[in-house]
Amino acid sequence: MTQIRFATPADVPQILGFVRELAEFEREPDAVLATEPMLEAALFGPRPAAEAVIAEDADGAPLGFALFFQNFSTWTGLPGMYLEDLYVTPAARGAGVGKALLRHLADIAVTRGYARFEWSVLDWNQPAIDFYRAMGAVGMDEWTVQRVTGDALAKLAGR
């Protein structure tokens, strides 16, 4: 049986481990720049930027996590939830952990009065796309993500 709970500061090392495993899976093992102090500040500092939940088995062993944050829609006039990362350990895949995490997050979104629950998925990850579609997700194929980082971000800021 999967139990899901909000993360605590003691979970930061496990969360960072999950993030690194996810980066490996997504073929970007060297892209993780986050450190434990950075995650702790982002999740539990004076102005948290995100929240996380941990999925565990009946014995308390970690099976996966989800990290999310509030966004806002000017069209609905309401906040929403953006799922940044969802990760389930390879040994726990296919056992309903991912579905349990998504349902838990959907419940948080509904309880908080959010209008939307959104996330991105890599276009090559067909098993995940199929899983999300089976859960009722609709692809926003007409939208593309735009990103500015590093030197381009500094240049855009006029620095």
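If you're wondering where the values come from, they're calculated on a predicted model, not measured in any experiment.
- When each of Val97, Thr2, Leu22 is tested with Val88 by the rule side-chain contact (heavy atoms from CB on, under 4.5 Å), just one qualifies, namely Val97.
- Put simply, the side chain of Asn71 does not reach to within 4.5 Å of the side chain of Met81, judged on heavy atoms.
- Residue-environment remark: CZ (Arg133) exceeds the threshold of 12 foreign heavy atoms within 6.0 Å.
- The shortest heavy-atom contact between Ala34 and Arg20 is O-NH2, 4.1 Å.
- The cluster map of Ile, Leu, Val, Met, Phe, Trp and Tyr, joined by side-chain heavy atoms under 4.5 Å apart, puts Leu86 and Phe69 in different clusters.
- Between Ile129 and Leu122, every side-chain heavy-atom pair lies at or beyond the 4.5 Å cut-off.
- Listed for the Asp57 side chain is a donor-acceptor partner under 3.5 Å among the backbone atoms of Asp59.
- Residues Val19 and Ile54 are members of one and the same hydrophobic cluster, defined by side-chain heavy-atom contacts under 4.5 angstrom among Ile, Leu, Val, Met, Phe, Trp and Tyr.
- Phe18 and Phe65 have parallel rings, their planes meeting at less than 30° on a 0 to 90° scale where 60° marks the start of perpendicular.
- Leu67 is listed as a side-chain neighbour of Leu43, based on a closest heavy-atom distance under 4.5 Å.
- Between Val53 and Leu101, the closest side-chain pair of non-hydrogen atoms falls below 4.5 Å.
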- How far apart are the C-alpha atoms of Ser73 and Leu78, what are their side-chain angles, what is the distance that settles it, and do they pass the side chain to side chain contact (heavy atoms under 4.5 Å, CB included) test? CA-CA 6 Å; Ser73 167; Leu78 294 168; over 6 Å; no

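- Checked against the 6.0 Å centroid threshold, Trp119 and Tyr132 count as a close aromatic pair.
- The minimum heavy-atom distance linking Phe131 with Lys99 is given by the pair CZ-N, 3.5 Å.
- Closest of all the heavy-atom pairs between Leu83 and Asp85 is CD1-O, 3.2 Å.
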- Task: For Phe117 and Ile108, run side chain to side chain contact (heavy atoms under 4.5 Å, CB included): C-alpha distance rounded to whole Å, both residues' side-chain angles, the deciding distance at 0.1 Å, then the answer.
- Result: CA-CA 10 Å; Phe117 175 25; Ile108 292 170; over 6 Å; no

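- Within 6.0 Å of CH2 in Trp124 there are more than 12 heavy atoms belonging to other residues, nucleotides or ligands.
- Side chain to side chain, Gln70 and Tyr82 fail the donor-acceptor criterion of an N or O pair below 3.5 Å.
- Side-chain contact check for Phe72 versus Thr74: some heavy-atom pair is nearer than 4.5 Å.
- A cation-pi geometry, defined here as NZ or CZ lying under 6.0 Å from the six-membered ring centre and within 45° of its normal, does not hold between Arg112 and Phe68.
- Among pairs with a residue in residues 4-18, those fulfilling side-chain hydrogen bond (donor to acceptor under 3.5 Å, both in side chains) read Arg5-Asp11, Arg5-Glu56, Thr8-Asp11, at least two apart in sequence or across chains.
- Residues Phe6 and Glu51 form a side-chain contact, since some pair of their non-hydrogen atoms from C-beta on lies under 4.5 Å apart.
- Other residues, nucleotides and ligands place more than 12 heavy atoms under 6.0 Å from the CG atom of Asp130.
- Contact annotation: the side chain of Pro62 never approaches that of Thr89 to less than 4.5 Å [non-hydrogen atoms, C-beta and beyond].
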- Message: Between Met135 and Arg103, does the side chain to side chain contact (heavy atoms under 4.5 Å, CB included) criterion hold? Intermediate values first, please.
- Response: CA-CA 9 Å; Met135 298 286 294; Arg103 286 181 186 220; 4.2 Å; yes

